[in-house]
Amino acid sequence: MSGSESTASNFIEEIIESDLQRKGTEWKVHTRFPPEPNGYLHIGHAKSICLNFGLAEKYDGITNLRFDDTNPATEDTVYVESIKEDIRWLGFDWEDREYYASDYFDQLYHFALYLIKKGKAYVDDSTVDEIAGMKGTPTRPGQESPFRARSVEENTQLFSEMKEGKYPDGSKVLRAKIDMSSPNMHFRDPVLYRIKRATHHRTGDDWCIYPMYDFAHGQSDSIEEITYSLCTLEFENHRPLYDWFIEQLEIFPSRQIEFARLNVAYMITSKRKLLRLVEEGYVSGWDDPRMPTIAGLRRRGYTPAALRNFADRVGIAKRDNLIEISLLEYFIREDLNKIASRVMVVHDPVKLIIENYEEGKFEDLEADNNPEDPSAGSRMLPFGREIYIDRKDWMEDPPRKYFRLGPDRTVRLKHAYIIHCHNHTKDADGNVTEIRCTYYPNSKSGSDVSGIKAKGTLHWVSVPHAAKGEIREYDILFTDPEPTTHEDRDFIEFLNPSSLQVIEHAAFEPSLLEVTSGRHYQFFRTGYFVTDPDSRPGYPIFNKVVGLRDSWGKKMKNKK
RNA sequence: AGACCUAUGGUGUAAUUGGCAACACAGCUGGUUUUGGUCCAGUCGUUCUAGGUUCGAGUCCUAGUAGGUCUACCA
C-alpha cells in the first residue's frame, strides 16, 4: 500500500487502511485463524483462511494459526493435523506462529483470579438447570444467584480448590459478576470456568477446570497482540463481553470485526451436521468427494487456486448470503481448462467398425495434450478398424441441429479421420449395438486434403487398446439449496439419492493406465476428472470434478 | 417483545464517501472453433417502503417493513 488512494475492496480493508493512516508505521496488521480442532475444515473456513492470511499478505502483516482448544471432550490431535494440512494445501504459511489456547491455560487462570480479586467473578454452586432457569429471557431480566455475594477470599479459596480437584465435575462454576438484567444475554453473569475431568490432547490431565470459549478466545487474541480479530456475525453479541474482559484485565485491545459467513447453495457447513453425515455413513468419510470439507473438495479435484479465487470473488460483507454453486464451478473450470490434459474416454461404449480400414492394421496418431497450452506437448494414440464411441453420440433419427453421428451422417474422429455412417445394427429393444462406417483416407487430422466439412467431432477409443477403469460421477449432496433451514424437517431427508454414480464399463485411452494420483484431466467433450487415491495399478479410478459447460445439453433440456 | 446487526439485478460484491449505479457469475443472442469446451461480441435486468434534508440521495435524517443473531458448564 502506498500513497493515500484507497485500494480497499471491502469494509474490513477500509477499516485497516484508515487505521494505517491514523496510527502510522508502528501499526501492524496482525490476524489469526482460530479453528477448534474438533472436526475438518470446510469451504466456509477456506473463506476465513483466505481473508485472514490474505489481509496480512496485502498489508504486510502476519497471521497466526491458533487452535482454540478449550474443550478436551471433543478435541483431538488428528484434527490438528488435518487442519494444518488443509491450510498448507490452500497455500498459506503461518511460519513458526502455531499457537494453542491451551498454551494460555495458566495465564487464563490468573486472569480469572484477578477478576475475583476485583470482585468481578464468583464461584457458583448452582446446577446447570438452575443457572439456565435464572438466566431470564431477552425480554425478562434474570435473577441473581444466591452465591453471587460470596467474598473475594471465599471465591479465591473455592476457585483454587476447583483447580486442585476438590470438587466433582459440574458441581461448581466460576462466573463473571456483571448484570443479570442486561439486554445482552452474554452479560448475565457468563460462566468462565467449569470443572471437567477429561484428558486434553495437549495438556493431558494437568487441569480439571477449563475456561469457556468466551473467556479464552478474546484473551488469546490479546495475548498474541492480534490487531484484527475477524469472526462471523454470530459473535457480534459477544464482542461487548470480550471488550469488557479486556477492559477489566487491562490487556491488549484486539479489535473484533464480524463478517457474514459463507453459505453455498446445496451445501451445509455445520460441523455437527457434517459429523453426522460421516458417523451415520451417508458419505464415505470427511474426505468424501461430495463433502464441502476442504479434504472433500481436494479429493473431488478442486484446486487451491480455484478455491482462493472463489473466496476472493465472493467478497466480504455483513449481509447474509447464499452463493450459487455455479460460481464455484466457474472457478474450477477456469483453472482446469488451463492445466488439465485432454484425454479420450468413452463412458458408454458402442462399437463402431470402419469397413474400409484394413483389418489388423493400426497406426499411431499424434494428439496434442492441451490446445490451451502448447507446452503441454502431445502423445500418440492407437487407431484401428474397430473403435468405441459414446452411445449418446449416435442417434437413429436425429433432430436437424444434431452434429453427431446417425444414418448417413458425417463426423470427424478427433485426431483421426472423417467417417461416414451407412449402416447399424440394433438389439431387440432397439438399442444400437454396432455402427458401420467408412473413412476418408485423405482426411487425416493435420493433413486433411479431403475438402469434406464435418460439423461434429467425436471422441473415441480403439477397441483392442481400450483400458479398463472406474468413473465416479458426483452430483449435489442435497436436493434442497438450504437443507438445514427447514424447522420441521431433518436435513437428512434432503439427501440426494443419486449423488454418486459409478461407471465401470467405460473405455479409456491406453495412456490412462499409467496415471498418478491427484492428476487432473479433461475427458474430451465430457468434463474434468481427477484420479482418486482408491486407484489400483492397472485400474485407474477417476472422480468427476465438474462437467464441461454444455450448451447443447441445455438446449435439449429446455425443449422438453 | 428486548439488545445487536443487515437490506443494491436471478446470485454475490462494488460505487472516488452526497455527483451519470459498476464488476463477476447465471440467463439469452450471435461469431470463431477438429471439444455443442475455450475465446470474442452483444443483450437482459438493480438501490425494501414512506416521508424529510439537498441544486443533487444507493449513500445523510425520521418512521415503518422484512430478515439474521442472542436465553449451552459447546465453539
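Sequence lines set the chain letters: A, B, ... in the order given, protein chains first and strands last, and positions in each chain run from 1.
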(message) Before you tell me yes or no, could you show the steps for A:H201 and A:D69 under side chain to side chain contact (heavy atoms under 4.5 Å, CB included), namely the whole-Å CA-CA distance, both residues' side-chain angles and the distance that decides it to 0.1 Å?
(response) CA-CA 9 Å; A:H201 74 112; A:D69 52 353; 3.0 Å; yes
(request) Could you check A:Y302 against A:F310 for ring pair (Phe, Tyr, Trp, His ring centres under 6.0 Å), going step by step and ending with a plain yes or no? (result) CA-CA 11 Å; A:Y302 273 84; A:F310 173 74; 8.6 Å; no
(request) Quote, to the nearest angstrom, the C1' distance that separates B:rG36 from B:rU32. (result) 13 Å
(request) Could you work out which one of B:rG12, B:rG37, B:rA75 sits closest to the side chain of A:R342? (result) B:rG37
(request) Classify the nucleic acid contact of A:R188 as base, sugar-phosphate or nothing, counting any heavy atom under 4.0 Å across all strands shown. (result) nothing
(request) Could you please spell out the steps behind the ring pair (Phe, Tyr, Trp, His ring centres under 6.0 Å) verdict for A:F508 and A:Y521? (result) CA-CA 12 Å; A:F508 298 82; A:Y521 293 95; 9.8 Å; no
(request) Give a yes or no on whether a donor-acceptor pair under 3.5 Å exists between the nucleobase atoms of B:rU34, that is its base, and the side chain of A:R412. (result) yes
(message) Ring centroids only, cut at 6.0 angstrom: are A:F67 and A:Y79 within range, meaning strictly under it?
(response) no
(request) Please tell me if the side chains of A:D19 and A:R255 come closer than 4.5 Å, counting only heavy atoms from C-beta onward. (result) yes
(request) Give A:G446 one of three labels, base, sugar-phosphate or nothing, depending on what nucleic acid heavy atoms sit under 4.0 Å from its own. (result) base
(message) Given B:rA26, B:rA75, B:rU6, identify the nucleotide with an atom nearest to the side chain of A:E75.
(response) B:rA75
(request) Compare the minimum distances between each of B:rG37, B:rG12, B:rA75 and the side chain of A:R313, then state the nucleotide with the smallest one. (result) B:rG12
(request) Syn or anti for B:rU69, please, going by whether the chi angle lies within 90° of 0. (result) anti
(message) Using the side-chain heavy atoms of A:K401, tell me which of these nucleotides is nearest: B:rG36, B:rU35, B:rC5.
(response) B:rG36
(message) If I take atom CG in residue A:D320 and atom P in nucleotide B:rU69, what distance separates them, rounded to the nearest angstrom?
(response) 7 Å
(message) Regarding A:P371, tell me which of base, sugar-phosphate or nothing describes its non-hydrogen contacts under 4.0 Å with the strands shown.
(response) base
(message) Counting only side-chain heavy atoms from C-beta out, which of B:rG68, B:rC73, B:rU34 sits nearest to A:I131?
(response) B:rC73
(message) For A:G547, is there any backbone N or O sitting under 3.5 Å from a side-chain donor or acceptor partner on A:R333?
(response) yes
(request) Taking atom C1' in both B:rG52 and B:rA57, compute the distance separating them and give it to the nearest angstrom. (result) 11 Å
(request) Report yes if a donor N or O on one partner sits less than 3.5 Å from an acceptor N or O on the other, where the partners are the side chain of A:E324 and the base of B:rG10; otherwise report no. (result) yes
(message) Taking only the P atom of each, what is the distance from B:rG18 to B:rG37 in whole angstrom?
(response) 46 Å
(request) Write down the distance separating the P atoms in B:rC70 and B:rU59, rounded off to the nearest Å. (result) 30 Å
(message) With hydrogens left out and only the distance checked, is there a donor-acceptor pair under 3.5 Å joining A:E372's side chain and the base of B:rG37?
(response) yes
(request) Please report, rounded to the nearest Å, how far the P atom of B:rA14 is from the CD atom of A:E17. (result) 14 Å
(request) Please step through side chain to side chain contact (heavy atoms under 4.5 Å, CB included) for the pair A:Q522 and A:L336, ending with a clear verdict. (result) CA-CA 8 Å; A:Q522 183 197 102; A:L336 261 22; over 6 Å; no
(message) Could you tell me the Watson-Crick or G-U partner of B:rG56, where both distances fall under 3.5 Å? Say none if there is no partner.
(response) none
(request) Assess whether one donor atom and one acceptor atom, taken from the side chain of A:R319 and the base of B:rG68, lie less than 3.5 Å apart. (result) no
(message) Tell me which nucleotide, if any, is Watson-Crick or G-U wobble paired with B:rC23 when both distances must be under 3.5 Å.
(response) B:rG12
(message) Counting the atoms with a prime plus P, OP1 and OP2 as sugar-phosphate, which does A:V173 contact under 4.0 Å by heavy atoms, base, sugar-phosphate, or nothing?
(response) base
(request) Return yes if the base of B:rU38 and the side-chain atoms of A:R549 contain a donor-acceptor N/O pair under 3.5 Å, otherwise no. (result) no
(message) By a 5.5 angstrom centroid cut-off and a 30 degree plane limit, is there stacking between A:F524 and B:rU35?
(response) yes
(request) Test A:V128 against A:V173 for side chain to side chain contact (heavy atoms under 4.5 Å, CB included), laying out the working first. (result) CA-CA 9 Å; A:V128 185; A:V173 290; over 6 Å; no
(request) Determine the contact category for A:E14: base if any of its heavy atoms lies under 4.0 Å from a base atom, sugar-phosphate if only primed atoms, P, OP1 or OP2 are that close, otherwise nothing. (result) base
Polar pairs (N or O, both sides) under 3.5 Å between protein and nucleotides 70-72 of chain B?
from   : atom 1 : to     : atom 2 : distance (Å)
B:rC70 : O4'    : A:N237 : ND2    : 3.4
B:rC70 : O2'    : A:H186 : NE2    : 3.4

Between the protein and nucleotides 40-48 of chain B, list every N/O to N/O distance that falls short of 3.5 Å.
none

(message) Measuring only the P atom in each nucleotide, how far is B:rA1 from B:rU65? A whole number of Å is fine.
(response) 8 Å
(request) Between B:rG2, B:rG12, B:rG37, spot the one nearest the side chain of A:S551, thanks. (result) B:rG37
(message) I'd like to know whether A:Y193 forms a ring pair (Phe, Tyr, Trp, His ring centres under 6.0 Å) with A:Y210, so could you lay out the CA-CA distance, the side-chain angles of the two residues, the decisive distance to 0.1 Å, and finally the verdict.
(response) CA-CA 6 Å; A:Y193 266 90; A:Y210 291 95; 8.6 Å; no
(message) Any strand counts, and the cut-off is 3.5 Å on both contacts for Watson-Crick or G-U wobble. Which nucleotide pairs with B:rG2?
(response) B:rC70
(request) Give a yes or no on whether A:R22 atom CZ has more than 12 heavy-atom contacts from other residues, nucleotides or ligands under 6.0 Å away. (result) yes
(message) Looking only at the side chain of A:K554 (C-beta and beyond, no hydrogens), which of the listed nucleotides B:rG27, B:rA26, B:rG37 gets closest?
(response) B:rG27
(message) Applying the Watson-Crick and G-U wobble criteria at under 3.5 Å, what pairs with B:rU32? Answer none if nothing qualifies.
(response) none
(request) Rounded to whole angstrom, note down the C1' distance from B:rA15 over to B:rU46. (result) 13 Å
(message) Test side chain to side chain contact (heavy atoms under 4.5 Å, CB included) on A:Y109 and A:W207; report intermediate values, then the result.
(response) CA-CA 11 Å; A:Y109 175 74; A:W207 297 84; 3.8 Å; yes
(message) Can you measure A:L233 atom CG to B:rA3 atom P for me and round it to whole angstrom units?
(response) 19 Å
(request) Side-chain contact test, heavy atoms from C-beta onward, threshold under 4.5 Å: evaluate it for A:M395 versus A:R404 and give yes or no. (result) no
(request) Would you kindly check whether a donor in the side chain of A:S445 faces an acceptor in the base of B:rU34, or vice versa, at under 3.5 angstrom? (result) yes
(message) With nearest nucleotide decided by heavy atoms, which residue, A:A454 or A:A260, maps closer to the 5′ end of RNA chain B?
(response) A:A260
(request) Describe the nucleic acid contact of A:T70 in one word from base, sugar-phosphate, nothing, applying a heavy-atom distance below 4.0 Å. (result) sugar-phosphate
(message) Could you tell me how far B:rU47 sits from B:rU8 if I compare only their P atoms? Round to whole Å.
(response) 11 Å
(request) With a 3.5 angstrom cut-off on both distances, give the Watson-Crick or G-U wobble partner of B:rA7, or none if there isn't one. (result) B:rU65
(message) For a quick test of reading the model, state the closest non-hydrogen atom pair linking A:V264 to A:I325 and the distance between them.
(response) CG1-CG2, 3.8 Å
(request) Measure the distance from CG on A:N263 to P on B:rU6 and round it to the nearest whole Å. (result) 17 Å
(request) Determine the contact category for A:N10: base if any of its heavy atoms lies under 4.0 Å from a base atom, sugar-phosphate if only primed atoms, P, OP1 or OP2 are that close, otherwise nothing. (result) sugar-phosphate
(message) With rounding to the closest Å, how many angstrom separate the P atoms on B:rC28 and B:rC44?
(response) 16 Å
(request) Answer yes or no for this row: A:Y330 ring on B:rA24 base, centroids under 5.5 Å, planes under 30°. (result) no
(message) Under 4.0 Å, heavy atoms only, any strand: does A:T485 hit a base, just the sugar-phosphate, or nothing?
(response) nothing
